[in-house]
Amino acid sequence: MSFLLYIVGLAVLLGGLAWALITAGLAATYVAIACLIVAGVGIMMAVSRTRSKDPPA
């Protein structure tokens with residue numbers, strides 16, 4: 001469930017970022033590149049924070 005919350009928050013963040021960059025007048029290519037980078041970092045953080053820990057050996 002917390003992974004889903006991370007993804008929803010990431011989607012809201014990406015929407016705000018894209019809106020701000022387009023409003024600032026950046027080209028769509030640069031907006032897409034920025035959103036892909038932020039999405040990649042966000043997904044990596046969500047997976048690392050919600051991953052179950054390995055049991056001690």
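Please read these numbers as outputs of a predicted model, since none were measured by experiment. Each residue takes its place number in the sequence, starting with 1.
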Please set out all donor-acceptor pairs under 3.5 angstrom arising from side-chain atoms of residues 9-16, sequence neighbours excluded.
none

Taking only distance into account, with no hydrogens and no angle test, what donor-acceptor pairs under 3.5 Å do side-chain atoms of residues 29-50 form with protein atoms, sequence neighbours excluded?
unit_1 : atom_1 : unit_2 : atom_2 : d
S48    : OG     : M44    : O      : 3.3
S48    : OG     : M45    : O      : 3.0
T50    : OG1    : A46    : O      : 2.7

Practice problem: State yes or no: do I7 and L17 share one hydrophobic cluster built from I, L, V, M, F, W and Y residues joined by side-chain heavy-atom distances below 4.5 Å, directly or via other members? | Solution: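 I7 clusters together with L17.
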